[in-house]
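Quick note on labels: first sequence line is chain A, next is B, and so on, each numbered from 1. Quantities reported herein were computed from a predicted structural model and do not represent experimental measurements. Atom set for the values below is all heavy atoms of this structure, side chains included, hydrogens, waters and symmetry mates excluded.
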2 protein chains.
Amino acid sequence: MRFQKTTEYAIRVMVFLANNQNEWLSVNHLHQVLNIPYKYLGRLMHTLTKAGLLEVNMGKHGGYKIHPDKQNIFLYQIIDVTEGLESYDRCILGFPECSDENPCPLHKYWISLQKSLKEMIYSVSLGDLKGLINVKY
Amino acid sequence: MRFQKTTEYAIRVMVFLANNQNEWLSVNHLHQVLNIPYKYLGRLMHTLTKAGLLEVNMGKHGGYKIHPDKQNIFLYQIIDVTEGLESYDRCILGFPECSDENPCPLHKYWISLQKSLKEMIYSVSLGDLKGLINVKY
DNA sequence: ATTAATTTCTACCTTATTGTAGTATATACA
DNA sequence: TGTATATACTACAATAAGGTAGAAATTAAT
């Protein structure tokens, strides 16, 4: 029961960028500070940019920053880009017809947990996480 | 954010066996009723047996049933066999030193959810799920 | 004994995730 | 305009999860 590693990386890097709003940060710098494989991170940054969460500046002194139009990004937006949100509406046992009326054996236990998980990813934003960067990964 | 598919399969099959305590159920039967790939399920049953959760009877009219010494199995015991319990104590951002004193950015949000998840897998048992098998997978 | 139905064991295949390498392209600035 | 420093793009490699195939071993019943 966990996020994909790519999602971990994405949240890590987005939190870091949110704490350095006005600087262009290069992949190499982020790779070193956040301990994420360089080339893999490069591709992830590109993906986050295509998804509209980041602004990019190519060439010398280039890098990435949070997109100016997206100043309060929620966790669900990041997760949506990296692994999708399907699992937050899915039956934990993979029963395709699972519902309150037609529940799988774990339904009543899982539903409330799923609700809490959703509440977290839809309510926590990068703004809530500002300042929290004294972490060595 | 989900269980591995193998864990899904394992819980499905254990719930079914718990509802048919006195019968030897063959892999072929379970495969058909629970819609789990035949050969893959065979290996999973063997794994659950080696872990002591099931009793096996080889040969004609053979199959599996819940091990007589394990009449009230909790979810965490099944999950431990299929994917391990590491993720239930792990930082959601993979920060190796994450703790109350030295938290990652998501720590305070994740900790309470993790606690609920643990409470579920340590408190829900197959006994709690008996009778709930009117499900077509 | 023989046969049929079952698990066991070993090997391999497929797919998704994670990670690496190299070249092309863009930008800043001397 | 040349050079240094970035990202973009494409291809491929490694690993883990999920899945398949077939022969060997075990058991029940005839």
Side-chain angles (χ1 to χ4, degrees), chain A residues 1-13 17 20 23-67 79 81-84 86-87 90 93-94 137, chain B residues 1-13 17 23-67 79 81-84 86-87 93-94 137:
Chain A
M1 180 63 62
R2 59 173 193 87
F3 284 138
Q4 287 181 8
K5 206 153 199 184
T6 306
T7 302
E8 250 183 60
Y9 292 161
I11 296 175
R12 254 194 236 173
V13 84
L17 291 172
N20 295 273
E23 301 171 57
W24 293 108
L25 296 177
S26 73
V27 172
N28 187 48
H29 180 69
L30 295 165
H31 143 69
Q32 292 186 39
V33 174
L34 301 175
N35 195 27
I36 300 171
Y38 173 66
K39 285 287 191 178
Y40 195 67
L41 179 57
R43 197 159 64 193
L44 174 57
M45 297 308 283
H46 184 54
T47 304
L48 291 165
T49 305
K50 278 190 302 184
L53 300 185
L54 298 180
E55 197 184 6
V56 64
N57 195 282
M58 282 180 75
K60 200 169 179 177
H61 304 161
Y64 297 90
K65 57 171 69 171
I66 302 279
H67 194 284
I79 296 167
V81 173
T82 55
E83 61 184 86
E86 297 75 20
S87 65
R90 196 166 163 285
L93 295 186
Y137 286 98
Chain B
M1 179 63 61
R2 60 174 195 86
F3 284 137
Q4 287 181 9
K5 205 154 199 183
T6 305
T7 301
E8 252 183 58
Y9 291 161
I11 297 176
R12 254 194 237 174
V13 85
L17 290 173
E23 300 173 57
W24 293 109
L25 296 176
S26 73
V27 173
N28 187 49
H29 180 69
L30 295 166
H31 143 69
Q32 291 187 42
V33 173
L34 300 175
N35 196 28
I36 301 171
Y38 173 67
K39 285 286 192 179
Y40 197 66
L41 178 57
R43 198 158 63 192
L44 174 56
M45 297 309 281
H46 185 55
T47 303
L48 291 165
T49 304
K50 278 190 302 183
L53 300 184
L54 298 180
E55 197 186 5
V56 65
N57 196 284
M58 281 178 76
K60 200 168 179 179
H61 304 161
Y64 298 89
K65 58 170 70 169
I66 303 280
H67 193 284
I79 297 169
V81 173
T82 55
E83 62 184 84
E86 297 76 19
S87 65
L93 295 185
Y137 287 98

Pairs: protein N or O with nucleotides 12-14 of chain D N or O, under 3.5 Å:
none

Inset, instruction - Name the closest nucleotide to the B:K39 side chain, picking from D:dG18, D:dA23, C:dT18. - result: D:dA23
Legend entry - A:L48 CG to D:dT7 C1', straight-line distance once rounded to whole Å: 14 Å
Inset, instruction - Please report, rounded to the nearest Å, how far the P atom of C:dG19 is from the CG atom of A:L41. - result: 11 Å
Inset, instruction - Take the protein atom NE2 of B:H46 and the nucleotide atom C1' of C:dT10, then report the distance between them rounded to whole Å. - result: 11 Å
Inset, instruction - Measure from the side chain of A:V27, starting at C-beta and using heavy atoms only, and say which of C:dT7, D:dT7, C:dT23 lies closest. - result: D:dT7
Inset, instruction - May I ask you to decide whether B:E8 forms a salt bridge with A:R90, counting only side-chain N to carboxylate O separations under 4.0 Å? - result: yes
Inset, instruction - Tell me which residues in residues 52-65 of chain B put a heavy atom below 4.0 Å from DNA chain D, sorted by number, or none. - result: B:M58, B:G59, B:K60, B:H61
Inset, instruction - Give a yes or no on this: more than 12 heavy atoms of other residues, nucleotides or ligands lie within 6.0 Å of atom NZ of B:K65. - result: yes
Legend entry - Protein-nucleotide distance (B:E23, atom CD; C:dT6, atom C1'), rounded to Å: 16 Å
Legend entry - Rounded interatomic separation in angstrom, taking CH2 from B:W24 and C1' from D:dT26: 13 Å
Legend entry - Non-hydrogen atoms of A:M45 and A:V27 that approach each other most closely: CG-CG2, 4.1 Å
Legend entry - Nearest-nucleotide 5' precedence on DNA chain C, A:P37 against A:Q4: A:Q4
Inset, instruction - Please determine if a side-chain N or O atom of A:Y9 lies less than 4.0 Å away from the OP1 or OP2 oxygen of C:dG19. - result: yes
Inset, instruction - Please report the shortest heavy-atom distance between A:L41 and A:I36, naming the atom on each side. - result: CB-CG2, 3.8 Å
Legend entry - OP1 or OP2 of C:dT18 under 4.0 Å from side-chain N/O of A:T6: yes
Inset, instruction - Using the ring pair (Phe, Tyr, Trp, His ring centres under 6.0 Å) rule, collect all pairs that involve residues 28-49 of chain B, keeping only residues at least two apart or in two chains. - result: B:H31-B:Y38
Inset, instruction - Starting from C1' on C:dC9, measure out to CE on B:M45 and report it in whole angstrom. - result: 17 Å
Inset, instruction - Ignoring the backbone of B:R2, work out which of D:dG18, C:dA21, D:dT7 is nearest its side chain. - result: D:dG18
Legend entry - Atom-to-atom span, CG of B:L25 to P of C:dA5 - whole angstrom: 18 Å
Inset, instruction - Compare every heavy atom of B:E86 with every heavy atom of B:E83, then report the nearest pair and how far apart it is. - result: O-OE1, 3.6 Å
Legend entry - Exercise: identify the closest heavy-atom pair between B:T82 and B:A10: CG2-CB, 3.6 Å
Legend entry - Nearest heavy atoms of B:P37 and B:Y9, plus distance in Å: CD-OH, 3.7 Å
Legend entry - Validation row: A:Y64, A:L48 side chains within 4.5 angstrom (heavy atoms): no
Inset, instruction - Would you kindly give the CD1-to-C1' distance between A:I36 and C:dT17, to the nearest whole Å? - result: 16 Å
